[in-house]
Each structure stands twice: as C-alpha cells, then as structure tokens.
*Asks:* 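Structure incoming, see below.
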There are 2 protein chains.
Amino acid sequence: MSDTKRRSYHHGDLHRALIDAALAMLAADQNWTFTLREVARRTGVSHAAPYKHFQDKDALLRELARIGFVRLEQAMVAALSSGPVSARGKLVAGAQACIAFAQHNPGLYRLMFSADADKAADPRLHEAAMATFGVLLRLLQEGQQDGSFRPAALTALAAASWAQVHGLAMLAMNGQLLEEKVGPDPVQAALEVLLDGLCQSHRKGH
Amino acid sequence: MSDTKRRSYHHGDLHRALIDAALAMLAADQNWTFTLREVARRTGVSHAAPYKHFQDKDALLRELARIGFVRLEQAMVAALSSGPVSARGKLVAGAQACIAFAQHNPGLYRLMFSADADKAADPRLHEAAMATFGVLLRLLQEGQQDGSFRPAALTALAAASWAQVHGLAMLAMNGQLLEEKVGPDPVQAALEVLLDGLCQSHRKGH
DNA sequence: CCAGAAAAGTTTTCCCTGTAAACATGGAGG
DNA sequence: CCTCCATGTTTACAGGGAAAACTTTTCTGG
C-alpha cells in the first residue's frame, strides 16, 4: 500500500525507477548496450519520458557510473573498518573489496572506467570517482606515516597500487585468474608482490 | 599503375580498405561508435558491401582488435630485442613499449580489452591475444631461470606483472600520470615498485 | 572458348533507436 | 477556483544494422 500507490499519470519517482531498471539490465547483460526505450518500457512509461530526467542516454550512464563509485567506496571503507589494523592488511582488504566488487558487478565496473562515463562531462561523477580514489590515497599515506611503506612520492605509490588493483580486477572479471589456470589465490599472490615492492626501500642501481 | 588500378565494380581489396578506414576512424575519435555505413561511405562503396567481408559490425571490431594485438606484440618484441640484457631491464622495456602503444593508440588499445572484442567469439583474436601475453610469460620465465626473479608460481608473477602494466597503461591513457600531477616518470617509479616485489624472496609472516 | 557458378557489389526493405517538438495532465500555490 | 509548471504522452524524423533480392565481374572446368 505504502509504496505501491501508483498514480495514473505521474509516476511518483520515475528518476529512481529508471536508474533501477537500467542497473538491472546492466547487471543482466554485463553491458550497457540496452536501449533507453527498453528502459522506459520496463518502467511502464512512454519512450520519451526518460528525457524529462536525463538529458540523453549518456547522462543516464554517467549517473549509473556515479552510483557505482559511491558503492565501491562504501565497500572499500567497510572492508577497512572491519578487521585489519596493519597498513599491509588494510591495503589487502581494500584491494580485495575492490576486486570482489568488480567480479560481482562486472558491467557496472566496466562502465565506471569506460570512456562512456566521461568524467570531464559530469562534475558529480568526477567527484565520486575522486572520493573513491581518496580511500586508497589515505591508506597509503597512513602506511607511510607509520613507516610501513617506503617514503617515496605518494603519487608514485598510488599509481603502482591503483594500477595493480585495477589490473587485477580486470583480469578477475575476464576469468583469467581462476584457480585451475593460475594456482591458489592468485590475487593474494599478486598483492604480495605489490606489497613487497611497496615496503622495500630503494635499491641503489636500477 | 601497379596498385592504383581501380576496377569499376569490384574494388580489388575492399577487405583491407574497410579495415584501414575503420582504423583511421578509431584513431580519430578514440572510440568505436563509428557506423558501418560511414566506413562504407569513406571507402566509396555501398552501405551493404561491408557485409560481404564481415558478418556484422562486431566481426569488424574483432578484426581490428586482432590487428592491435599483433602490432602490440611486434612493438614489445622489438623493444626487447634492441637493448637491455638483464631480465629487469627487459621487463621495463617491454612494459614501456606496451604503455607507449596504449598512449599512441588509445582507441585501439581500449577496444582490444573491451567486451566488444569478445575473444570467445573469435579464435583468431584469442590466439593473437595469447601470443602477445606470451611475450610477457617468456620474459618472466627467463628471469626466473637466471635467478633474477623470485621462484614463485609463474602464473602469480604473470598476474602481478600484467595487472601492473595494463593498469599503468590505462592510467597513462586517461592522462592520470602527467608529470605535473604525479612527479617525474611515474611509470618508471611504479615499475620499480613492481620489480622490487618481483625480485625479493618471500617474507615469513603476511 | 564458353557456359555457368561463385564472388563481390548494389538497391531495396524492414524494424529499431535516439532525440526533438508539440501536446496533455494533474497537483500546488496564489 | 484558476493558472502554472513539472512530468508524461504522442507524433515525427533522421539515421543505423541487417536481411533479401538483384546485378556485374571473375573464375573454373569441360
């Protein structure tokens, strides 16, 4: 009764309903080739109605991506808060949360980092992406302050860490890190490699 | 005379011409939203002609991706052959070649690793991708044999290395590794982190 | 050397999409 | 109560992908 009150003409919360339908189709197909008309159809609304809420299809996609970043940030923060205390342990937990998110939401994750979710075209999306990235930055910074990580430029460590985590997420999504093919817990193993590099002090030669 | 002989009806080498036109548009726009009809138009041929050479648009995209992998493999092999002798030096050279390729061909690189270039749908594409990956595998294997890299599971090292290189390529393409923002030669710095991790032997606890 | 099949183009056709424009409706404030 | 504005709907149009049917070359075997 309470939320099933359907008004005949005005939907009530079409904005949200469109996003939900689009997220569902994204999850179902693992791609964002769905049509705006189909989104409208599933929401029981005319094919032009979405344009009252999103300037065009790309605007809807950007909003989906933004939501994805918010959720990813939440997942990573949750993983950090519950458990590990060492910088090393926190980094592993955050990385695994990110990789798990990618595996559970492959379509959304790919959209978030695709050119179709153009951060330059949407300040809110850009902001959400930066906030997510900030989780990693803080992590590294804290680890540096307590001496766990080498005192190199923070941005260099961030580039290495982010590249590693994002690359692993991609490989995991593509099913290229299955145990049969690659041994037990390849994610853990790869993160060990990263962490050993992060912890160790510089060598002399190169 | 030799290659300018244009026959009126039959094109001569439409297959190649379509690929060239599509590659040009991919490079120009850095995306593959171009239409098959536009490719046909630029090639001076009717809009249905491409279907004689490619089953559908995705088949053309897969062929572009395949060519991309072949070129990337060539670039990496070339970087290895000319110069560095140490395993460490070779890995850096190969990685930098890959990242440079991504920066010079962002559209193509993204296509190669997008879901639109579905490796499961095209054995030739899959084969080309594996061959490129093989360059990295051989590199790591040789480095392990001469003691440069830790004797962990090869696939774990490969996952870590590939994730790092691919992740860096993505960041570089997105302009997130510019010197102003991230200090001098962040790629080199990030690769150092990886290499330190690759070289070091296991720690005891984790 | 020639018939006819196969290959490679073209035209036609269909249905679908994104998006704009014009119109309709219903709820909220004066 | 009446009018305005946000939110929907209908209508319209310019494309695009892909299939089908038709045409023109080229190739190939007898």
*Asks:* Could you check whether Q141(B) and Q145(B), counting side-chain N and O atoms only, form a donor-acceptor pair closer than 3.5 Å?
*Replies:*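 There is no such pair (donor and acceptor under 3.5 Å, judged by atom type) between the side chains of Q145(B) and Q141(B).
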*Asks:* For T35(A), answer base if it contacts any base atom (sugar-phosphate contacts may also be present), sugar-phosphate if it contacts only those atoms, and nothing otherwise; contact means non-hydrogen atoms under 4.0 Å.
*Replies:*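 Sugar-phosphate contact only - T35(A) comes under 4.0 Å of backbone atoms but never of a base.
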*Asks:* Distance from D122(B) atom CG to R62(B) atom CZ, nearest 0.5 Å?
*Replies:*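 Rounded to the nearest 0.5 Å, the CG-CZ separation comes to 5.0 Å.
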*Asks:* Heavy atoms from C-beta onward define the side chain here; which of dT11(C), dT10(D), dG18(C) lies closest to that of A48(B)?
*Replies:*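 Nearest to the side-chain atoms of A48(B), counting from C-beta on, is dT11(C).
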*Asks:* Could you tell me whether R41(B) atom CZ has more than 12 heavy atoms of other residues or ligands within 6.0 Å of it?
*Replies:*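 Yes, because the 6.0 Å sphere around CZ of R41(B) holds more than 12 heavy atoms from other groups.
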*Asks:* Using the side-chain heavy atoms of K57(A), tell me which of these nucleotides is nearest: dA18(D), dT19(C), dG9(C).
*Replies:*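 Ranking dA18(D), dT19(C), dG9(C) by closest atom to the K57(A) side chain puts dT19(C) first.
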*Asks:* How is H47(A) classified with respect to the nucleic acid when contacts are heavy atoms under 4.0 Å: base, sugar-phosphate, or nothing?
*Replies:*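 Answer is base: heavy atoms of H47(A) come under 4.0 Å of a base.
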*Asks:* For Y51(A) and dA22(C), give me the distance from atom OH to atom C1', rounded to whole Å.
*Replies:*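 Computing the Y51(A):OH to dA22(C):C1' distance gives 17 Å.
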*Asks:* Nearest to the side chain of A49(A), which nucleotide is it out of dT11(C), dG17(D), dG8(D)?
*Replies:*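 Selected nucleotide (nearest to the side chain): dG8(D).
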*Asks:* Just call it for K52(B): base, sugar-phosphate, or nothing, with non-hydrogen atoms closer than 4.0 Å on any strand.
*Replies:*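 Base, at least one base atom sits under 4.0 Å.
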*Asks:* Is the shortest side-chain N/O distance from R41(B) to OP1 or OP2 of dG15(D) below 4.0 Å?
*Replies:*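 Answer no for this pair, as no side-chain N or O of R41(B) is under 4.0 Å from OP1 or OP2.
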*Asks:* F54(A) CZ to dT19(C) P: how many Å, rounded?
*Replies:*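 Distance check: F54(A) CZ to dT19(C) P gives 13 Å.
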*Asks:* Answer yes or no: side-chain N or O of R37(B) and base N or O of dG17(D) forming a donor-acceptor pair under 3.5 Å.
*Replies:*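 Present.
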*Asks:* Given the side-chain rings of H126(B) and F69(B), with only the six-membered ring counted for Trp, is the space between their centroids under 6.0 Å?
*Replies:*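 No - the distance between ring centres of H126(B) and F69(B) does not fall below the 6.0 Å cut-off.
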*Asks:* Among dT10(C), dT19(C), dT7(D), find the nucleotide with the atom closest to the side chain of H53(A).
*Replies:*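 The listed nucleotide nearest to H53(A)'s side chain is dT7(D).
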